[in-house]
**Q** 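A single structure is presented below for examination.
Just so it is clear, the structure is predicted and the values come from calculations on it, not from any experiment. Convention: sequence-line order gives letters A, B, ...; per-chain numbering from 1.
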Amino acid sequence: MRFAPNPNGPPTLGSTRGIVVNSEYVKKYGGKFIIRFDDTDPVTKRPMLEAYDWYLEDCKWLDAEPDEVVMASDRLPIYYEYAETLIKGGHAYVCTCTQAEFKQLKDAKQACPHRDTAPEEHLREWGRMLAGEYEERTVVLRIKTDIKHKDPALRDWGAFRVVKTPHPRPEVGNKYVVWPLLDFEGAIEDHLLGMTHIIRGKDLMDSERRQKYVYDYLGWTYPRTSHWGRVKMHDFGKFSTSGLREAIESGEYSGWDDPRLPTLRALRRRGIRPDALRKFFIDMGVGETDVSLSLDNLYAENRKLIDADANRYFFVWEPVKLEISGAESTVVKPSMHPTVDRGVREIAVEQSVMVCSQDIRGAKPGDLFRLKDLYNIRITGEGTAEFAGHDIETIKKGGGRIIHWSPVDGIPVKVLTPDGEVEGIGEAGIAAEVDKVVQFERYGYVRIDGADGGVVGYFTHK
RNA sequence: GCUCCGGUAGUGUAGUCCGGCCAAUCAUUCUGGCCUUUCGAGCCAGUGACUCGGGUUCAAAUCCCGGCCGGAGCACCA
C-alpha cells in the first residue's frame, strides 16, 4: 500500500484519510506501507521543502510510520528509461502541437501529425527534449492509447513536459528540464514499488484506465484499486493548499497550525488524539459515495479518549465581578476530576468572585444561584449578592442554577478557537497544565499551549 | 458536448457482489429520563432511512431498464 502526496503544503484532514486507511490495511493484512512524494511539479504545485518532514512527522504521530520513503524527484532517470522503451516500441511519441491544437484534434478523434512518424525520429526528438532544446509548452511526450476512444479522457495522454524552473530540493535543483506527469510517474512507480493494492480518491479513476495502456505495453499487471468519493467538511469552508498559503502569508491566519485550519498540525495543537483520527477515518470506510461530514464523530471519539485525563478548572469568559456580602473568607478544594481521583485544587475566596456576565444577565434581586463547589448566593443588585448558605439541597429544590466562577486574583486566559479568540480569567492552577488537555467546566476541552505571560489555550471541542 | 462513478435516518456507516433470517446495523447528532455541586461524563429510552417509476421473481435495499439528483474526468496540476 502506498500514500502518495505532493508535499506542497502540510497534511490536512484529507491527507489523513489516505494515511490512515492505507496504513490500516497494512496493519491488518501485512505488507509494506510506502510513502511516495509525487513531487514532480516544480511550478504549479511547487513542493514546500518543510512539508516533506511534516508528512513524515504526522505519519509517525498517526502511528503510520512508513516502511519506505520514496521521492519521485530523485528518480527521473528511471522514468526516462521507460519512456525510451515505450518510444522504441512505438507506444509513445513526441508531439509539438499546441495545447489548443491537440485538444481540437483529440475532440474530433483525429490523430495529430506526429503520432504516426517513425519511432527513430521520436527518439531523436526525445533526446532534444532532454537536452533542453525545446522551450516550455512547445513539446510533450504522449502515450499512444486509442485516439478514437469513446471517452475523450483516455485519448493519447501527456506523459512528460518541459519545465525549466528549478526544483525546490537543492539536491535536484536544475538537474532536469523534462518532468513526468502524474499518470506516468505513478504508473511506473506503482509497479516498481511492488504495489498490489491502491486506494485513492475517485478523481483518479480515469488514471487507472490511462495507466493500463502503459502496463499493457510493458507487460505488467495493474494493482487492485478502489476509490473513495469526495469529502466535504462542513466545519471548514472550501480550502486549497495554495489558497491557505496565501492567507497565511497575508497574516489572515497565524500559521499552518492556526486552530481555524483543517491541517493535522492544527488539530494536534488543539489536543485531538491520533487514535481518535484513526478511528474516525476507519469507521468512515472507503465508499465511493461523496461524503459531507461533520467533525462531531471525531470529537466524540476524542472526548472518550481525553475525558479521563482532563483535569477540571474554572474559566470565566466575559468576566464580571460579583461582590458578596456576609460570606466568610475561605479556601475551597474542588476535585480535579468528578470520577477519577486525582486530588483537589485549592482556591482562596474573599468577599468577591468573577462570574460569566451571561450567567447573571437578567438576574433580579432575590434570584438564587449556587457557585459551584462554594456556596449559595442571592442577588441583591447590579454586581452584588449576599451569602445564602451552604446547603446544596436548597438549590436543588428551589431550582436555582449552579454556575461556575473564578477567583478575582485568577490568571488571564486566552482561548484560540475555530471561531476566534475568547479571553477571560481562570484558576491559577491552569498554568501548570501546559501541553495537557483540560476541561473548563461548562465551556469545553482546551489544550493548554503555553503559560508565559498569560495562559494561551487551543480549543479542542465541547 | 463526450465519458465514467455513485445515491440506506440530520451526518457517517453495515447490509448490495451470492434476492428470503432486513418492519434494515453501528456510531454521532437531536429529544426525554436517571444520576451528578458542569450545559461534562456515565446509564436508559425515543425520534429518524432503503432517490423515484417500471420490470423479473413465490420473494427485491439487494438483479434489470428508465428518470431524477449528486460527484468526477476530458490539463504541458496532483
Side-chain angles (χ1 to χ4, degrees), chain A residues 4-8 37-41 43-47 72 95 97-99 102-103 106-107 109 134-142 149-155 157-163 178-183 185-186 200-210 227-232 234 241-242 279-301 303-304 307-308 310 312-314 332 334-335 337-340 359 370-376 390-393 395-396 401-404 439-445 462:
Chain A
N6 174 14
N8 62 339
F37 290 108
D38 283 346
D39 55 349
T40 54
D41 179 6
V43 180
T44 321
K45 292 194 174 169
R46 187 175 175 80
C95 171
C97 294
T98 65
Q99 223 169 320
F102 185 82
K103 181 175 169 45
K106 182 200 70 182
D107 287 345
K109 299 187 180 180
Y134 280 105
E135 290 310 308
E136 292 186 15
R137 302 196 167 261
T138 58
V139 68
V140 58
L141 184 79
R142 286 187 190 287
H149 199 288
K150 64 175 179 167
D151 185 348
L154 300 198
R155 300 173 197 154
W157 47 275
F160 286 87
R161 83 306 205 181
V162 173
V163 179
V178 174
W179 286 88
L181 275 331
L182 176 74
D183 281 336
E185 178 265 334
R200 60 186 166 197
K202 73 176 184 184
D203 47 321
L204 265 12
M205 263 177 159
D206 287 335
S207 275
E208 173 171 350
R209 289 190 273 255
R210 281 192 284 261
H227 300 90
W228 53 58
R230 274 297 254 213
V231 178
K232 268 187 216 150
H234 44 238
T241 307
S242 52
K279 185 155 197 317
F280 178 66
F281 281 109
I282 289 166
D283 285 352
M284 194 181 338
V286 288
E288 283 186 22
T289 323
D290 298 321
V291 297
S292 139
L293 56 95
S294 135
L295 258 18
D296 284 339
N297 282 266
L298 173 64
Y299 292 157
E301 287 306 331
R303 188 153 41 227
K304 287 177 201 160
D307 183 70
R312 267 52 174 178
Y313 289 100
F314 290 143
V332 288
S335 61
H337 194 279
T339 53
V340 182
D359 280 333
R370 171 73 178 191
L371 295 176
K372 188 170 184 285
D373 298 314
L374 188 57
Y375 42 59
N376 306 335
H390 283 99
D391 185 18
I392 182 73
E393 296 303 322
I395 292 292
K396 287 187 178 171
R401 296 178 56 209
I402 297 170
I403 63 174
H404 71 292
Q439 190 200 59
F440 288 160
E441 299 200 30
R442 301 181 64 227
Y443 181 72
Y445 297 90
K462 286 197 59 122

**Q** Using the C1' atom on both, measure B:G7 against B:G66 and round to a whole Å.
**A**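 Those two atoms are separated by 16 Å.
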**Q** Given atom NZ of A:K150 and atom C1' of B:C2, what is their separation to the nearest angstrom?
**A**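 Interatomic distance, NZ of A:K150 to C1' of B:C2: 11 Å.
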**Q** Flag the pair A:R303 and A:D296 as a salt bridge only when some basic side-chain nitrogen lies within less than 4.0 angstrom of an acidic carboxylate oxygen.
**A**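 No, A:R303 and A:D296 are not salt-bridged.
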**Q** Looking at every heavy atom in both A:F314 and A:K372, which two are closest together, and how far apart are they?
**A**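 In terms of heavy atoms, the two residues are closest at CZ-O, 3.8 Å.
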**Q** Does a side-chain N or O from A:Q439 land closer than 4.0 Å to OP1 or OP2 of B:G40, or not?
**A**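 Answer is no, no contact under 4.0 Å.
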**Q** Could you check A:D359 against A:D107 and say which one's nearest nucleotide on RNA chain B is further toward the 5' end?
**A**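 Nearest-nucleotide comparison on RNA chain B picks A:D359.
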**Q** For B:C50 and B:C58, measure between their C1' atoms and round to the nearest Å.
**A**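 About 22 Å, rounded to a whole number of Å.
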**Q** Taking only side-chain nitrogens and oxygens of A:R161, does any of them come within less than 4.0 Å of OP1 or OP2 of B:C77?
**A**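 Answer yes for this pair, as a side-chain N or O of A:R161 is under 4.0 Å from OP1 or OP2.
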**Q** Across all strands shown, which nucleotide pairs with B:G12 by Watson-Crick or G-U wobble geometry, both distances under 3.5 Å?
**A**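 By the stated definition (distances under 3.5 Å), B:C26 pairs with B:G12.
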**Q** Any chance you could measure A:W228, atom CH2, to A:R200, atom CZ, to the nearest 0.5 Å?
**A**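 Those atoms lie 11.0 Å apart.
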**Q** Sticking with atom C1', work out how far B:C21 lies from B:U62, rounded to a whole angstrom.
**A**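 Straight-line distance between the two C1' atoms is 15 Å.
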**Q** Return the value, rounded to whole Å, for the distance between atom CD1 of A:I282 and atom P of B:A27.
**A**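 Atom CD1 in A:I282 sits about 17 Å away from atom P in B:A27.
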**Q** Between A:D391 and A:R370 (salt bridge meaning N to carboxylate O under 4.0 Å), is one present in this structure?
**A**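 No, A:D391 and A:R370 are not salt-bridged.
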**Q** Counting side-chain heavy atoms from CB outward, which of B:A72, B:C76, B:A78 is closest to A:R230?
**A**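 Of all the options, the side chain of A:R230 is nearest to B:A72.
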**Q** Nearest to the side chain of A:K106 - B:C74, B:G40, B:A78?
**A**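 Selected nucleotide: B:C74.
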**Q** Between A:D183 and A:S207, is there a donor-acceptor pair closer than 3.5 Å when you use the side chain of the first and the backbone of the second?
**A**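 Side chain of A:D183 to backbone of A:S207, a donor-acceptor pair under 3.5 Å: no, none is there.
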**Q** Scan A:D203 against the nucleic acid and name what it touches under 4.0 Å (heavy atoms): base, sugar-phosphate only, or nothing.
**A**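 Base contact.
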**Q** Measure across A:T40 and A:E185 and return the closest heavy-atom pair with its distance rounded to 0.1 Å.
**A**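 That closest heavy-atom pairing would be CG2-CG, 4.0 Å.
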**Q** What is the separation between atom CZ on A:F281 and atom P on B:A27, rounded to the nearest whole Å?
**A**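 Those two atoms, CZ and P, are 20 Å apart.
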**Q** Looking at every strand, decide which applies to A:L181 at a 4.0 Å heavy-atom threshold: base, sugar-phosphate, or nothing.
**A**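 It contacts sugar-phosphate atoms only.
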**Q** In whole angstrom, give me the gap between the P atoms of B:A61 and B:G55.
**A**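 Here B:A61 and B:G55 have their P atoms 15 Å from each other.
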**Q** Scan A:N297 against the nucleic acid and name what it touches under 4.0 Å (heavy atoms): base, sugar-phosphate only, or nothing.
**A**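 Here A:N297 touches the bases of the nucleic acid.
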**Q** How about A:N8 and A:R46: do any of their side-chain heavy atoms sit closer than 4.5 Å?
**A**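 Answer no - side chains too far apart.
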**Q** Does the side chain of A:R303 get closer than 4.0 angstrom to OP1 or OP2 of B:U29 through an N or O atom?
**A**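 So the side chain of A:R303 is within the cut-off, an N or O lying under 4.0 Å from OP1 or OP2 of B:U29.
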**Q** Under 4.0 Å from OP1 or OP2 of B:G71: is there any side-chain N or O of A:T289 that close?
**A**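 No.
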**Q** What contact category does A:C95 fall into here, base, sugar-phosphate, or nothing, at under 4.0 angstrom with non-hydrogen atoms?
**A**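 Result for A:C95 = nothing.
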**Q** With heavy atoms under 4.0 Å as the rule, sort A:F102 into base, sugar-phosphate or nothing.
**A**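 A:F102: no heavy atom of the nucleic acid under 4.0 Å.
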**Q** Look at all strands and tell whether A:R210 reaches a base, only sugar-phosphate, or nothing, counting heavy atoms closer than 4.0 Å.
**A**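 Counting heavy atoms under 4.0 Å across all strands, the contact made by A:R210 is with sugar-phosphate only.
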**Q** Are A:H404 and A:D359 close enough, and set up right, to give a side chain to side chain contact (heavy atoms under 4.5 Å, CB included), and what steps lead you there?
**A** CA-CA 9 Å; A:H404 71 292; A:D359 280 333; 4.2 Å; yes
**Q** Using whole Å, what does the distance between atom P of nucleotide B:U13 and atom CD of A:E301 come to?
**A**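 It works out to 15 Å between those atoms.
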**Q** With a non-hydrogen cut-off below 4.0 angstrom, is A:T339 in contact with a base, only sugar-phosphate, or nothing?
**A**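 No contact.
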**Q** Using a heavy-atom cut-off of under 4.0 Å over every strand shown, decide if A:D296 touches base, sugar-phosphate, or nothing.
**A**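 The answer is sugar-phosphate, as A:D296 gets under 4.0 Å only of primed atoms, P, OP1 or OP2.
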**Q** Over how many whole Å does the gap from A:E288 atom CD to B:U13 atom C1' extend?
**A**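 Going from A:E288 (CD) to B:U13 (C1'), I get 16 Å.
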**Q** Of the listed nucleotides (B:G40, B:G12, B:U37), which one gets closest to any side-chain atom of A:S292?
**A**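 The listed nucleotide nearest to A:S292's side chain is B:G12.
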**Q** With P as the reference atom in both, quote the distance from B:G20 to B:A60 in angstrom, rounded to an integer.
**A**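 To the nearest whole Å, 11 Å.
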**Q** Between B:U37 atom P and A:H337 atom NE2, what is the distance in whole Å?
**A**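 The distance from NE2 of A:H337 to P of B:U37 comes to 15 Å, rounded to the nearest Å.
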**Q** What interatomic distance, in whole Å, is found between P of B:C17 and the corresponding atom of B:G10?
**A**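 Their P atoms lie roughly 25 Å apart.
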**Q** From the set B:U13, B:A41, B:A78, return the single nucleotide nearest to any side-chain atom of A:V291.
**A**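 Looking only at heavy atoms from C-beta outward on A:V291, the closest nucleotide is B:U13.
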**Q** Just compare B:U29, B:U38, B:C76 and give me whichever is closest to any side-chain atom of A:P338.
**A**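 The answer is B:U38.
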**Q** Can you tell which of B:G73, B:C5, B:U37 lies closest to the side chain of A:D206?
**A**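 For A:D206, the side-chain atoms sit closest to B:G73.
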**Q** Can you tell which of B:G73, B:A41, B:A78 lies closest to the side chain of A:P152?
**A**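 Of B:G73, B:A41, B:A78, B:G73 is nearest to the side chain of A:P152.
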**Q** Check every atom of B:A27, B:A78, B:C5 against the side chain of A:M205 and return the nucleotide holding the closest atom.
**A**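 Among B:A27, B:A78, B:C5, the one nearest the side chain of A:M205 is B:C5.
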**Q** Using every non-hydrogen atom in the two residues, find where A:A72 and A:D39 come nearest and quote the distance to one decimal.
**A**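 Here A:A72 and A:D39 meet closest at N-OD1, 3.4 Å.
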**Q** Looking only at atom P, what distance separates B:C64 and B:A27, rounded to whole Å?
**A**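 Rounded to whole Å, the distance is 32 Å.
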**Q** Rounded to whole angstrom, note down the C1' distance from B:A72 over to B:C77.
**A**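 Those two atoms are separated by 15 Å.
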**Q** Taking only the side-chain heavy atoms of A:K202 (C-beta and beyond), determine which of B:U38, B:G71, B:A27 contains the nearest atom.
**A**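 Nearest listed nucleotide: B:G71.
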**Q** Could you let me know what B:C4 is paired to, Watson-Crick or G-U wobble, both distances under 3.5 Å, or none if it's on its own?
**A**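 Across any shown strand, B:C4 pairs with B:G71.
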**Q** For B:A45, which nucleotide is its Watson-Crick or G-U wobble mate, given both distances must be under 3.5 Å?
**A**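 Answer to the pairing question: B:U31, which forms a Watson-Crick or G-U pair with B:A45.
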**Q** Nearest-Å distance, CG (A:D373) to P (B:G40)?
**A**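 So the two atoms are 16 Å apart, to the nearest Å.
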**Q** Measure CG/A:L293 against C1'/B:U29 and give the value in whole Å, please.
**A**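 Checked: the CG to C1' distance equals 14 Å.
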**Q** Look at the side chain of A:K396 and decide which nucleotide, out of B:U37, B:G42, B:U38, has an atom nearest to it.
**A**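 Side chain of A:K396 sits closest to B:U37.
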